[in-house]
Amino acid sequence: MLRIRAKLRQAADQMKRRPELCCGAILLTCALILPLTRTCSRVKSVVASPRAPLRFFPAEAPLADLFLGQLEEVDRLLEEADVSLVFYYAPWCAHCITARQHIQQVALRLAQQVQFVAVNCWWHQGRCRKQKIFFQYPVIHLFYRRVGPIEYRGPVRSEYLESFIQRVCAPLTYLPSVRALHTFLTQHQQAVVGYFRFSSSPQPAGYITFLLSALHALRRDQQGEVRFAVVTNQAVAEGVSLREDESVYLHRRLNSSLVFPRTQRNFTVQAICDWVFEHRESVIHWIQPTGAKSYSLEAELQKGPALLTFLPHNPLTANQLLTQVSAVALQYHCGSEEDLFLRCCQSLSFSSDASVCELCVSRCWALALYLQRVRLSSCRSIQSSYGAFGRWSVCCRSVPRPPLDSITGLQCRSNKTLRFYLLDTQLHWPLAQRLGASADQSRDLPFITIINLRDETHYVLNHTDALEDFIQNFSASYSPLHRHLVGHKQQQQTQSLIQEVTSDSFLHTVMDSQRDVLLLYYSVWCGFCSVLNHVFLQLARLFQGNSALMVARVNVGRNDLPWEFMVDHLPSVLFFPRHRKQMSVKFPENTPMTVPNLLRFVLQHSDHAPWEESGRGAEPQSLLEAELQALQRQVFSLHRAREHLSQQLSVLWRENRRLTLHTHTLETQNAELQEQSGRLETLYREKTRQLSDTVHKLQELADASEELLEENSLLKVLLTVLRERDGWEGDSRDTDGQEEADGQEEERQEEDRQEEADRQEADGQEEERQEEADGQEEERQEEADRQEEERQEEADRQEEERQEEADGQEEDRQEEADGQEEDRQEGKCEAS
């Protein structure tokens, strides 16, 4: 940095000293920039301008399509309606094109209630592209009276989107009576009820906060599991123990219901939402995997065993299957573990501070189901049916434990607690098929499976079994359920030497007690498995026609197997002998998988000759002899190929040796040339130095001559002045003396020049003698190098001849040994 500053300061000083140079540089720079600017401005753009966007939605659709990205129009349209939906899209996006039809359907049904706006956020000249930053399309925002945006992140289908819009249009449900309150609490899993008195003002401040809390909750609850309601009648509010104005009640089925603590938390939108989602409880959950790289399903399965229910779901209509599954889930979670006969309550009257549910349900086993079996004491009034809002006293001495074969309260009696999840069949049917749903199964029927990720098992419910029995069998200590194996279905059974085994045919094929089975475990991605295909084909040909032994293989990458039949690496070979399948043997890992080794392995572990019970009646010995002869012929052909390859390798080796010697010679010559080049370079530097010294001396002589000429001219001027002063006579005498002095000076200069010429002539003769000596030295060196080269070539030629003679002798010996080996092999074959 200091160096740069010093250079800048130096440049500034130079500019101050010579301002005309600075002005010239500035004018030259401007003269260069102006022509370049004019030239570039005249160049035509090679990039075509984008085409103007078109309407994304049809003109007859009941929505405003801002295909030019006019974001300012969105603000104007939002002010015209209470509820608005803004659909941000990109015309090229496949998801936007798919969602277009569903948006049109919802707009046709709700055009009178909701303002629909579509904005093209991809057009580069629109304000939407400049002001909005979206990482995916489409993006759906809803606004309720300028409150928002409320982003919709659920499935972009017409029924789901319409259900969400209806919840935005009516975020609160008004409960005018106790019956409506009871119905609201029983229909929804999580219910939030707010009590507000409208006598003081048309819209109290607490009501506005509660309304905004309901809208804010929709951002975190896309499925609408939490529902908000409002009560204005004090008599109805007392049904849920609310007496103070601006009170919020959270209804829970399994635990005690709660009232928002006004003394501990601020009555704000964020505080109410956090309190609701912190204390809510749910016996069944909706999950919606995106179908791509989503971890939502894995995150839920990591929590423990999960029961997944795939069922057709329409949020706009009632679903009987959903009601049944929810009832089973509630029955599974209800109950607690205490003594065989649980003390529930002793003549507890319903007070104003607590409801019957809060007093008894947390300690009883399904009070509503077993109320008729309770032994009653003397009471003033007896409740015939259980209800959370009845003003009755409950007289019960004890409530019996439910039978052990019931799932009531099974969550607390089992170490394998299930979590219930729901998935829409129309959205996630491929996932159901991967988990075991058959391709011909109707999507109108539910598909239920239990997945235990820790044990890497999952079970599938048959249509003939009950859901309660399925859950109870899973929760048993020794579960009678069978692990579902996902396997590849064979389209057509083909006759082949190697039998292909799947998950369905594994036990039937491999565990056949009437035959031995040699099983290969492989996978498509295993490269070592592909190498063994020809080995097993040759082995299968040896036992072709033998019904007592089967060669099979199983693709474990696409077929699940029982745990006791799995292997730890691929490829692996297991042998299952007949009549003793439990004594299966694994092929040794440190032994090469060749045909002789596999044949020896089979013969060693089978309890009978492999040619017994031949289906074709062929002579087994002749089959083996034919195979052995074929193998011998292959061995002989391999020997011949090896000999041919050896010959080729010897030729290549000799050629490589010759090239190596030639390379060595070239490297030696290159080194000598480099050394000679170094000597010449040294000589060149020496001559250059001598020449520079001579030039320096000549320059000194030239300088001395110039000085003498200047002195001579000065003397001439001085003589001229003296002649004018002393007169003509004196001048003539002085002139003679001066001429005599000049003559002497000229003679001295002539002598100096003659000496310099003699010196230069001597230097030239010395240089000629030196050059002649250098030339003679170079000729002698070249002659020596040429003689050394000839001697090296003669030595290389002799070495090459000796090497070729040795190789010929080695080849003769090798051919003689191979001939003897062939004679011995032929003798052995004739003997065999």
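Numbering starts at 1 and runs along the sequence shown.
- Asp221 approaches Arg167 most closely through the heavy-atom pair O-NH2, 4.5 Å.
- Looking only at distances, a side-chain donor or acceptor of Lys581 sits under 3.5 Å from a matching main-chain atom of Val510.
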After noting the C-alpha distance and the side-chain angles of Phe470 and Leu481, does the key distance pass the side-chain contact (heavy atoms from CB on, under 4.5 Å) rule?
CA-CA 8 Å; Phe470 183 57; Leu481 299 177; 3.8 Å; yes
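- Applying the side chain to side chain contact (heavy atoms under 4.5 Å, CB included) test to Val585 and every residue at least two apart in sequence or in another chain returns Phe601, His605.
- Smallest separation of non-hydrogen atoms from Leu172 and Ala214: CD2-CB, 3.7 Å.
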Report the C-alpha separation of Tyr459 and Thr449 in whole Å, then their side-chain angles, then the decisive distance to 0.1 Å, and conclude whether the side-chain hydrogen bond (donor to acceptor under 3.5 Å, both in side chains) test is met.
CA-CA 5 Å; Tyr459 310 94; Thr449 177; over 6 Å; no
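- Judged by distance alone, with hydrogens and angles left aside, the side-chain atoms of Arg515 form no donor-acceptor pair with the main-chain N or O of Asp512 at under 3.5 Å.
- Using a distance-only test at 3.5 Å, with no hydrogens or angles considered, a donor-acceptor pair links the side chain of Asn319 to the main chain of Leu321.
- Around atom CE of Met583, no more than 12 heavy atoms belonging to other residues, nucleotides or ligands sit under 6.0 Å away.
- With sequence neighbours left out, Gln582 forms a side-chain hydrogen bond (donor to acceptor under 3.5 Å, both in side chains) with no residue at all.
- Checked against side chain to side chain contact (heavy atoms under 4.5 Å, CB included), Ala466 has the following partners two or more places apart in sequence or in another chain: Glu468, Asp469.
- Between Tyr137 and Phe134, the ring-plane angle classifies as perpendicular under the 30° and 60° cut-offs.
- Here Glu159 pairs with Arg157, Asn314, Pro315, Leu316 under the side chain to side chain contact (heavy atoms under 4.5 Å, CB included) rule; sequence neighbours left out.
- Note on ring orientation: taking the six-membered ring where Trp is involved, the planes of Phe447 and Phe310 are tilted (angle from 30° to 60°).
- The local environment of CD in Glu564 is crowded, with over 12 non-hydrogen atoms from other residues, nucleotides or ligands closer than 6.0 Å.
- The local environment of NE2 in His279 is crowded, with over 12 non-hydrogen atoms from other residues, nucleotides or ligands closer than 6.0 Å.
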Give the C-alpha distance, both sets of side-chain angles, the deciding distance and a yes or no for side-chain contact (heavy atoms from CB on, under 4.5 Å) between Leu445 and Thr425.
CA-CA 9 Å; Leu445 298 176; Thr425 305; over 6 Å; no
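- With no hydrogens or angles considered, no side-chain donor-acceptor pair links Thr323 and Ser326 at under 3.5 Å.
- For the side chain to side chain contact (heavy atoms under 4.5 Å, CB included) test, residues two or more places apart in sequence or in another chain that qualify with His216 are Arg219, Val269, Gln270, Cys273.
- Between Asp568 and Lys586 a salt bridge is recorded (basic side-chain N to carboxylate O distance below 4.0 Å).
- Counting non-hydrogen atoms of other residues, nucleotides and ligands closer than 6.0 Å to NE2 of His508 gives a total of 12 or fewer.
- Under the 30°/60° scheme for interplanar angles, the aromatic rings of Trp275 and Phe260 are found to stand perpendicular.
- A cation-pi contact links Arg220 to Phe277, judged by a cut-off of 6.0 Å to the six-membered ring centre and 45° from its axis.
- The list of salt bridge (charged side-chain N to carboxylate O under 4.0 Å, His left out) pairs with a residue in residues 299-318, not counting sequence neighbours, reads Glu300-Lys303.
- A perpendicular orientation is assigned to the rings of Phe576 and Phe506, their planes being inclined by more than 60° (bins at 30° and 60°).
- At a cut-off of 3.5 Å, with distance as the only test, a side-chain donor of Tyr160 or Asp424 sits close to an acceptor on the other residue.
- Under the 3.5 Å distance criterion, the side-chain polar atoms of Lys416 are matched with a main-chain donor or acceptor of Phe474.
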